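Since we're looking at a predicted model, the values are computed, not measured. Numbering of residues begins at 1 and proceeds along the displayed sequence.
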Amino acid sequence: MIVKTLQKELNLANWQVKKVIKLIDDGNTIPFIARYRKDVTGSLNDETLRKFDERLKYLRNLEDKKEKAIKRIEELGKLDDDLKSQILRAETLVELEDIYRPFKSKKQTRATKAREKGLEPLANIILKQNVKESVKNIAKKYVTDEVKTPEEAIQGAQDIIAEIISDNSTFRKKIRQNTFRTGQIETKAKDKDISTEYDIYYNYSENVKKIPPHRILAINRAEKEGVIKAKITCDSDEILKYLNRHMLKNISKVPEKVKYNKYTTPIIKEAVSDAYKRLISPAIEREIRNSLTEKAEEKSIEVFAKNLNQLLMESPLVGKTILGWDPAFRTGCKLAIIDKTGKVLDTALIYPTAPQNKVNESINTVRKLIKKYDINVIAIGNGTASRESEEIVSQIIKNTNVEYIIVNEAGASVYSASKLADEEFPEFSEGERSAVSIARRLQDPLAELVKIDPKSIGVGQYQHDMNQKRLNESLTGVVEKVVNEVGVDLNTASVSLLNYVSGIGNTTAKNIIEYREENGSFKNRKELLKVNKLGKKTFEQCAGFIKIDNPNYPLDNTTIHPESYDATLKLLDNLNYSVNDIGTSKLKLDNININELSERLDIGQETLKDIIKELKKPGRDPREDMPKPMLRKNVLSIDDLEEGMIMQGTVRNIVDFGAFVDIGVHQDGLVHISQLVADRFVKHPLDIVSVGDIVDVKVLDVDNRRNRINLSMIL
């Protein structure tokens, strides 16, 4: 069942599904499977494998719940072949929940109380619809000390019937489908006289099946903040007709004919109405709202994950000495200078902004630092006082070769106050740590951003309103994917970076650092096996993703896995090369017949392709192909913008309705999804642009009062 489902959902071959399940069950990580088991899986990529892993867990959980449901119903003595078959056919947890609902232990409900009073036989008499006298007369037999009147008995019977209707899985499925198909989500303001950012939802209605994800999340937030009330409405008359038609059938004689009994039909109709309005409708509304929220969260998480992936893959600014500038007003601007390796050379504190306004003194201080350390770039955080700092920096670097850039400092304050920052820079203040972080995230975005909770990096939408566990899992997966795709230098990587390497957890990462501090730099990959608690399985999972600069053995500075070293040597020998030719112009690997060589050397084709690719550019950083950071020398303000201006900017964030582009005026401009391209429909901005892209845009209009800039893309 699970194999067939995964095969169908992910469009995979039966053998692929079985192989991947075995690899996962054997304790292999997704990055390891994606990179080093291509010949086994048919080259399934990281994204597909993560979906596979997620669905495998869901389906196994579903199968486990099916077994428990069958066992429980069997214990109750109510399991038959038809019910068991229904349970086994259930494809979702919701469907299984509907089937199992009548057998769940219920809290005290009106129906359970009525049953305790002995009114279930009366309910069954009414449901059979063969009564030839007033139900009130029959109900007199059920009057007791607990049931005072016939009317009370009938009401109790109706409560039981209503719960029977509510527990019917077929009814629930039909009503859920009908509500989703015809339903409208409606919102009303609690106080329409108070203006908020949610004005659009003060009197709003949209088809449930058409409402976009970002609007669902916005409505949820507005409702949570007490600004609006939201509900789902639908054609209840059609649903009531459907329920009545099925509850009033003469099952014994004419299945399709609606039966009318003047004594029981009105009672059943009342029970139908009560079941729908009191029990089914509120539950279905909650289910649909939850389902819409889950889908909206999944979409938002997907966008967040792609944005984060692109941000982490931004090209590092190598070979530069950088001054990190953490702007502020009252407490002053904190500065930190890092060298080309990220080492902190110096720190300083200046007060160029209000209220101190020590502009000249600050300019002189920074110019001395530029001269002393031969600074190439100034990285200014985009927080408070950023604009004022930029204007001063533009004066400082005038007539010099120094350039500046505005860096998104989201999360820098989180890092600077963290235990990790305290361990890394115990002698620094939080402001100085923040300045270091700003400089380093320009120099090597990945190495610095892994120290920060991904949710704090600022490339998402409504991230605080969604399932935090699911969001954390997804974003952690992205960081893990990127770290392993780029690889890490074993002798310089921090605990934070090592923590995301395949197979290495936080404890092992700390043990690696401890071994490095006690024994000096690693000379080769095999030395990892000497690290405390790093066994053969962990070595297998992590070794290919860890590189060593200037190692004893050339292959240790490649992404070729040690398990493929023999194959690599066999390849080199066959082509009349040696391992010492790696990284030299002597090594020529073009025009190789992969199929023929793979068969002759008994090396998997995909493994062989990866070996050749790595030998051509050993130790290559995939981020080299990404757009370079846009450095500036002159400052612009929103007042300098005019309609029709053509500018270049950097995509900073992508949301469902468009892309935000930094054009150097401290307020990112919005390219609405309708303005991304002029000649075709765009389903999502991510189909056109990515975070970090350098793009050309045209200014459409500027709203100085609301500090908003509307742009269009120029392709």
Side-chain angles (χ1 to χ4, degrees), residues 5 8-9 55 58-59 61-63 65-66 69 73 82-83 85-104 106-107 109-111 159-187 205-213 215-217 219-220 223 229-249 268-299 466-467 470:
T5 302
K8 181 180 177 182
E9 288 183 357
R55 286 299 291 156
Y58 178 91
L59 293 170
N61 181 41
L62 177 61
E63 290 301 307
K65 288 186 180 296
K66 285 181 184 180
I73 297 170
D82 181 59
L83 181 56
S85 179
Q86 284 184 54
I87 292 172
L88 292 175
R89 288 198 309 270
E91 295 182 353
T92 65
L93 289 169
V94 171
E95 191 176 346
L96 178 62
E97 180 72 18
D98 282 349
I99 297 168
Y100 184 61
R101 182 180 295 277
F103 309 99
K104 287 178 68 175
K106 291 183 171 68
K107 296 178 181 179
T109 64
R110 282 163 48 170
D159 290 339
I160 293 171
I161 294 169
E163 189 166 275
I164 290 171
I165 295 168
S166 174
D167 284 346
N168 187 296
S169 61
T170 302
F171 292 167
R172 278 188 170 260
K173 184 176 181 179
K174 179 73 175 178
I175 293 168
R176 189 183 293 112
Q177 291 172 341
N178 179 286
T179 306
F180 187 78
R181 187 183 76 252
T182 67
Q184 297 279 319
I185 186 162
E186 297 180 354
T187 62
S205 176
E206 188 165 1
N207 192 297
V208 165
K209 66 180 181 181
K210 291 182 178 179
I211 188 166
R215 279 210 275 275
I216 288 293
L217 296 176
I219 287 170
N220 288 353
E223 191 174 35
K229 287 183 178 180
K231 65 178 181 177
I232 291 177
T233 61
C234 68
D235 186 354
S236 59
D237 289 343
E238 183 182 338
I239 292 171
L240 291 173
K241 285 178 184 177
Y242 162 78
L243 290 174
N244 281 317
R245 188 165 63 248
H246 282 269
M247 292 304 298
L248 297 172
K249 277 183 182 179
I268 292 175
K269 281 190 170 183
E270 278 188 36
V272 163
S273 179
D274 177 51
Y276 175 66
K277 292 176 181 176
R278 178 171 61 88
L279 301 175
I280 302 175
S281 178
I284 294 295
E285 179 175 3
R286 284 194 301 272
E287 286 178 14
I288 291 178
R289 288 287 303 272
N290 288 338
S291 176
L292 289 172
T293 298
E294 284 177 12
K295 288 177 181 177
E297 287 179 350
E298 284 300 312
K299 183 64 179 177
M466 61 187 68
N467 184 310
R470 178 73 187 89

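Nearest heavy-atom pair, S169 versus Q86, reported as atom, atom and distance to 0.1 Å: OG-OE1, 4.2 Å. Residues P213 and A296 share a closest heavy-atom pair of O-CB, 3.5 Å. Between E186 and S205, the shortest heavy-atom distance links the atoms CG-OG, 3.8 Å. P282 approaches K277 most closely through the heavy-atom pair CD-O, 3.4 Å.
Applying the side-chain contact (heavy atoms from CB on, under 4.5 Å) criterion to P212, with sequence neighbours excluded, gives E206, H214, R215. Take Y58 and apply the ring-ring contact (aromatic ring centres under 6.0 Å, His included) test, not counting sequence neighbours, and it matches no residue. Every residue meeting the side-chain contact (heavy atoms from CB on, under 4.5 Å) condition with R278, not counting sequence neighbours, appears here in chain and number order: R110, D159, A162, D274. K104 is linked by a side-chain contact (heavy atoms from CB on, under 4.5 Å) to E97, Y100, counting only residues two or more places apart in sequence or in another chain. For S236, the side-chain contact (heavy atoms from CB on, under 4.5 Å) partners two or more places apart in sequence, or in a different chain, are Y276. Every side chain to side chain donor-acceptor pair (under 3.5 Å) that R470 has, sequence neighbours left out, goes to E54, E298. Not a single side chain to side chain donor-acceptor pair (under 3.5 Å) links T92 to another residue, sequence neighbours left out. The salt bridge (charged side-chain N to carboxylate O under 4.0 Å, His left out) check on K66 picks up E63, with sequence neighbours excluded. Evaluation of the salt bridge (charged side-chain N to carboxylate O under 4.0 Å, His left out) rule for E95 yields no partner, not counting sequence neighbours. Here E297 pairs with nothing under the side chain to side chain donor-acceptor pair (under 3.5 Å) rule; sequence neighbours left out. In this view, D237 satisfies the side chain to side chain donor-acceptor pair (under 3.5 Å) rule with no residue, not counting sequence neighbours.
A distance of 4.0 Å separates CD1 in I239 from CG in N178, rounded to the nearest 0.5 Å. Taking NZ of K269 as the reference point, atom CD1 of I161 lies at 14.5 Å (rounded to 0.5 Å). Here the straight-line distance linking atom CD of E270 with atom CD1 of I268 works out to 11.0 Å at 0.5 Å rounding. Here L96 contributes atom CG and K65 contributes atom NZ; the two are 8.5 Å apart, rounded to the nearest 0.5 Å. Annotation: the span from I185 atom CD1 to K231 atom NZ amounts to 11.5 Å, rounded to 0.5 Å.
Taking the side chain as every heavy atom from C-beta outward, I165 and V272 approach each other to under 4.5 Å. Side-chain contact between I232 and I284 is absent, with no heavy atoms from C-beta onward closer than 4.5 Å. Side-chain contact between V208 and Q184: absent, with no pair of heavy atoms (C-beta onward) separated by less than 4.5 Å. Side chains of L62 and E91 form no contact here, defined as non-hydrogen atoms less than 4.5 Å apart. You'll find the side chain of I219 reaches within 4.5 Å of the side chain of I211, heavy atoms only. At a threshold of 4.5 Å between non-hydrogen side-chain atoms, the residues L292 and I288 count as touching.
Of the options T170, D167, I87, a side-chain contact (heavy atoms from CB on, under 4.5 Å) to I99 is made by I87 and by none of the others.
Distance alone, capped at 3.5 Å, is enough to place a donor-acceptor pair between the E223 side chain and the A230 backbone.
Here salt bridge (charged side-chain N to carboxylate O under 4.0 Å, His left out) pairs that include residues 170-181, with residues two or more places apart or in two chains, are D98-R176, R172-E287, R176-E287, R181-E238.
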Checklist entry - Does the side-chain contact (heavy atoms from CB on, under 4.5 Å) test come out yes or no for I175 and T179, once each step is laid out? => result CA-CA 6 Å; I175 293 168; T179 306; 3.9 Å; yes
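No side-chain N or O of N290 forms a donor-acceptor pair with one of E294 less than 3.5 Å apart.
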